[in-house]
Number of protein chains: 2
Amino acid sequence: MSTRREAVHRALTASSGFRSAQDLYADLRADGSKIGLTTVYRALQALSDSGDVDVLRTDEGEAVYRACDTENHHHHLVCRVCSTAVEIEGPTVERWTAEIGAQHGFTGVTHTVEVFGTCAECSKA
Amino acid sequence: MSTRREAVHRALTASSGFRSAQDLYADLRADGSKIGLTTVYRALQALSDSGDVDVLRTDEGEAVYRACDTENHHHHLVCRVCSTAVEIEGPTVERWTAEIGAQHGFTGVTHTVEVFGTCAECSKA
DNA sequence: CAAGTTTTGACAACCATTTTCGTTTTCGCC
DNA sequence: GGCGAAAACGAAAATGGTTGTCAAAACTTG
């Protein structure tokens with residue numbers, strides 16, 4: 001893992017929520033780094049390929065990334081105000097999606113599940 | 001609902017899977033329509049605003065649309081080969097996401113759930 | 001230190017989507 | 001049927017996130 005890639009990974013770990021490539025680029029530049037936008041994209045691509053970060057798409061089509069605690073399959077409960085994310089696991093959903101798939105004769109079933117809401121902190125405000 | 005919008009809705013209904021705006025534009029032009037790309041986008045926007053079609057994002061960030069049988073909240077089981085989609089309902093997931101949200105003090109909880117796989121038809125090939 | 005390899009980053013290219021804006025169509029009304 | 005306002009249309013340009021290009025910089029190895 002090159003120095004640049006580590007820097008991107010560190011910047012991502014410093015946040016508790018999902019960040020876009022542009023966000024991270026801004027963060028790193030603000031910290032005095034001379035990194036280029038292209039490199040940030042390349043680093044995120046590599047990190048997601050190796051499974052070190054999770055990726056998902058916002059409703060606007062922007063890709064957002066997160067450094068997760070576990071490398072196991074899991075989902076997220078994301079605050080739609082501050083974008084903080086809690087990692088959640090769900091034997092229930094895993095079982096349910098597998099059943100649904102089987103019922104309709106589908107093979108190689110996978111799924112995407114994301115839960116959105118307003119976190120306790122932001123609900124108060 | 002204007003004529004153009006009906007045409008887009010009809011083109012969408014003619015397909016059993018999710019189609020992108022560009023796909024629909026190509027379909028309509030192939031059928032001899034003189035519709036413009038802008039209008040297709042506008043029609044899809046209006047149709048999704050009024051809840052007549054469902055929208056989701058591919059992994060590549062492209063928006064894809066589908067004319068659904070029911071207007072109720074539901075999810076999809078999508079074939080990753082031919083993109084045919086089956087509408088599915090899941091009291092189980094609805095309950096599960098609500099619980100997860102409550103457990104972490106989140107309010108106004110919503111969710112996105114999509115299931116992917118290879119349909120029986122495409123599995124054979 | 002030199003030659004070769006990898007990484008980097010400024011800039012241009014891409015492509016789905018949105019905006020702009022002048023033109024055309026639709027619709028209510030006489 | 002004819003008129004004028006308002007809505008719909010569509011071609012072309014603008015936008016914005018993301019990817020490709022390529023020469024310069026950094027690191028490796030002998």
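Labels below follow one simple rule: chain letters A, B, ... track the order of the sequence lines, proteins then strands, and each chain is numbered from 1. Note: hydrogens, waters and symmetry copies are ignored here, and every other heavy atom, side chains too, is used.
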query = Can you find a pair of side-chain heavy atoms, one from B/H104 and one from A/I88, that are under 4.5 Å apart?
reply = yes

ask   = Are B/R95 and A/T92 close enough that a side-chain donor and a side-chain acceptor fall under 3.5 Å?
value = no

inquiry  = With no hydrogens and no angle check, just 3.5 Å: does a side-chain donor-acceptor pair link A/D52 and A/S50?
reply    = yes

ask   = Between A/T97 and A/E94, is there a donor-acceptor pair closer than 3.5 Å when you use the side chain of the first and the backbone of the second?
value = yes

request  = Look at the side chain of A/R80 and the backbone N and O of B/G108, then say whether any donor-acceptor pair between them is shorter than 3.5 Å.
outcome  = yes

ask   = Does A/Y41 place a side-chain N or O at less than 4.0 Å from the phosphate oxygens OP1/OP2 of D/dT18?
value = yes

key: Phosphate OP1/OP2 of D/dG10 contacted by B/T39 side-chain N/O (<4.0 Å)   = yes

Whole-Å gap separating [atom2] ([N]) and [atom1] ([X]):
X     : N      : atom1 : atom2 : result
A/L37 : D/dT19 : CG    : C1'   : 10 Å
B/R5  : D/dA7  : CZ    : C1'   : 12 Å
B/I35 : D/dA11 : CD1   : C1'   : 14 Å
A/L56 : D/dG17 : CG    : P     : 17 Å
A/D59 : D/dG16 : CG    : C1'   : 17 Å
B/R4  : D/dG10 : CZ    : C1'   : 9 Å
B/R57 : D/dG17 : CZ    : C1'   : 11 Å

task = Heavy atoms of chain A, cut-off under 4.0 Å: which first and last nucleotide of DNA chain C, 5' to 3', fall inside that, if you could look?
result = C/dT8 to C/dC11

By side chain to side chain contact (heavy atoms under 4.5 Å, CB included), which residues pair with [X], not counting sequence neighbours?
X      : result
A/T107 : B/T118, B/S123
B/L37  : B/Q22, B/Y25, B/Y41
A/T13  : A/H9, A/A67

query = Under the salt bridge (charged side-chain N to carboxylate O under 4.0 Å, His left out) rule, what pairs show up with a residue in residues 54-65 of chain A, not counting sequence neighbours?
reply = none

Along DNA chain C (nearest heavy atom to each residue), the more 5'-positioned of B/E62 and B/R42 = B/E62

ask   = Using a heavy-atom distance cut-off of less than 4.0 Å, which residues of residues 10-33 of chain A contact DNA chain C?
value = none

